[in-house]
Amino acid sequence: GENVEQHPSTLSVQEGDSAVIKCTYSDSASNYFPWYKQELGKGPQLIIDIRSNVGEKKDQRIAVTLNKTAKHFSLHITETQPEDSAVYFCAARNPPLFNKFYFGSGTKLNVKP
Amino acid sequence: EAGVVQSPRYKIIEKKQPVAFWCNPISGHNTLYWYRQNLGQGPELLIRYENEEAVDDSQLPKDRFSAERLKGVDSTLKIQPAELGDSAVYLCASSLNSIETQYFGPGTRLLVL
């Protein structure tokens with residue numbers, strides 16, 4: 001099956017700095033990679049996603065990059081703000097395995113004012 | 001547009017007792033997922049429905065867990081009897097179909113004493 005690894009598990013940055021979270025996946029058949037933000041006491045909320053036919057996608061301060069050859073993808077947050085503090089999860093969807101989503105273990109981002 | 005609705009939001013029960021969770025997906029979404037999220041980890045799929053049909057229940061502990069989606073809309077997840085290790089957040093998600101983005105509800109936080 002698919003295995004998604006996420007690093008780092010915790011990340012602390014100063015407000016205004018950039019934050020980068022990295023994920024690797026094991027099955028080259030995976031073709032869709034969403035990122036979720038989960039605030040305390042809430043369910044994961046989709047913030048950005050990328051499909052395997054695209055190398056990069058941006059949405060204001062958030063961007064995702066995908067390297068299919070190396071089987072890794074990254075979330076980039078620029079000009080971080082205190083409200084960006086949350087747990088972020090990456091995921092990979094694997095079509096051969098019934099389109100199942102496999103999640104990383106999460107990164108707790110703390111943005112210090 | 002209303003999001004995924006789950007109830008109850010919190011549940012505390014004693015071990016060996018039964019418990020049930022309810023989910024109402026986003027209107028028009030044919031695919032419904034139940035996930036379990038243990039503390040500090042990413043969501044893990046328990047079961048996925050395509051309309052009324054359970055198409056992936058390989059991770060559902062069938063000796064004590066059951067789920068249904070009788071009319072292809074709302075769904076319930078039941079645990080009977082509950083064990084201490086069942087303490088977790090139970091997340092419901094829905095998507096238009098199995099290849100589209102999934103959206104999560106707020107989750108039900110279960111504590112088994």
Side-chain angles (χ1 to χ4, degrees), chain A residues 1-11 21-25 29-54 57 59 64 75 86-109, chain B residues 1-11 21 23-26 29-50 53-60 88-111:
Chain A
E2 174 64 278
N3 181 45
V4 177
E5 294 190 352
Q6 183 172 345
H7 301 280
S9 57
T10 59
L11 180 60
I21 303 171
K22 299 180 179 181
C23 287
T24 61
Y25 59 101
S30 291
N31 64 357
Y32 172 66
F33 307 93
W35 284 91
Y36 290 88
K37 175 183 181 182
Q38 188 172 27
E39 297 176 316
L40 196 63
K42 298 183 179 180
Q45 299 298 309
L46 180 74
I47 56 171
I48 196 167
D49 55 10
I50 192 167
R51 300 183 189 272
S52 58
N53 59 346
V54 176
K57 183 177 179 180
D59 183 4
V64 56
L75 177 70
V87 178
Y88 292 80
F89 291 97
C90 63
R93 185 181 67 203
N94 191 274
L97 295 174
F98 310 105
N99 283 313
K100 182 180 290 187
F101 283 88
Y102 293 85
F103 285 81
S105 54
T107 296
K108 185 174 183 180
L109 174 64
Chain B
E1 178 182 277
V4 176
V5 179
Q6 290 188 248
S7 69
R9 294 294 313 277
Y10 305 91
K11 191 73 176 179
F21 315 124
C23 173
N24 180 243
I26 293 172
H29 282 196
N30 296 320
T31 305
L32 184 145
Y33 311 78
W34 282 104
Y35 286 89
R36 177 167 58 189
Q37 185 177 26
N38 292 313
L39 191 63
Q41 297 181 21
E44 294 180 325
L45 182 70
L46 291 173
I47 190 169
R48 185 181 101 218
Y49 282 93
E50 299 290 345
E53 184 181 0
V55 297
D56 185 1
D57 62 355
S58 57
Q59 299 298 107
L60 189 73
V89 175
Y90 291 83
L91 294 163
C92 179
S94 71
S95 59
L96 280 172
N97 53 54
S98 64
I99 63 171
E100 292 299 328
T101 300
Q102 57 183 324
Y103 297 90
F104 285 86
T108 296
R109 281 149 187 79
L110 173 67
L111 178 60

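From a predicted model like this one, the values you see are computed outputs, not experimental measurements. Protein chains get the first letters and strands the later ones, always in sequence-line order, with residue 1 at the start of each.
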Quick one: what part of B:Glu50 sits under 4.5 Å from any heavy atom of chain A, side chain, backbone, both or neither?
-> neither

Pair count under 4.5 Å, heavy atoms only, with chain B: among A:Pro44, A:Gly43, A:Ser9, highest is A:Pro44

Chain A contact via B:Glu44 - side chain, backbone, both or neither, heavy atoms under 4.5 Å = neither

Would you mind telling me which of B:Gly40, B:Pro106, B:Pro43 has the largest number of heavy-atom pairs within less than 4.5 Å of chain A?
-> B:Pro43

Backbone of B:Thr101 reached by a side-chain donor or acceptor of A:Arg93 within 3.5 Å | no

Given that the side chain runs from C-beta out, which part of A:Gln38 has a heavy atom under 4.5 Å from chain B: side chain, backbone, both or neither?
-> side chain

If you tally heavy-atom pairs under 4.5 Å against chain A, which of B:Gln41, B:Arg109, B:Gln6 wins?
-> B:Arg109

Exercise: identify the closest heavy-atom pair between A:Tyr36 and B:Gln102 | OH-O, 3.0 Å

N/O donor to acceptor pairs below 3.5 angstrom from side-chain atoms of residues 95-102 of chain A, sequence neighbours left out:
residue	atom	partner	partner atom	Å
A:Lys100	NZ	B:Asp56	OD2	3.4

Identify which part of B:Ile99 has an atom lying under 4.5 Å from any heavy atom of chain A, answering side chain, backbone, both or neither.
-> both

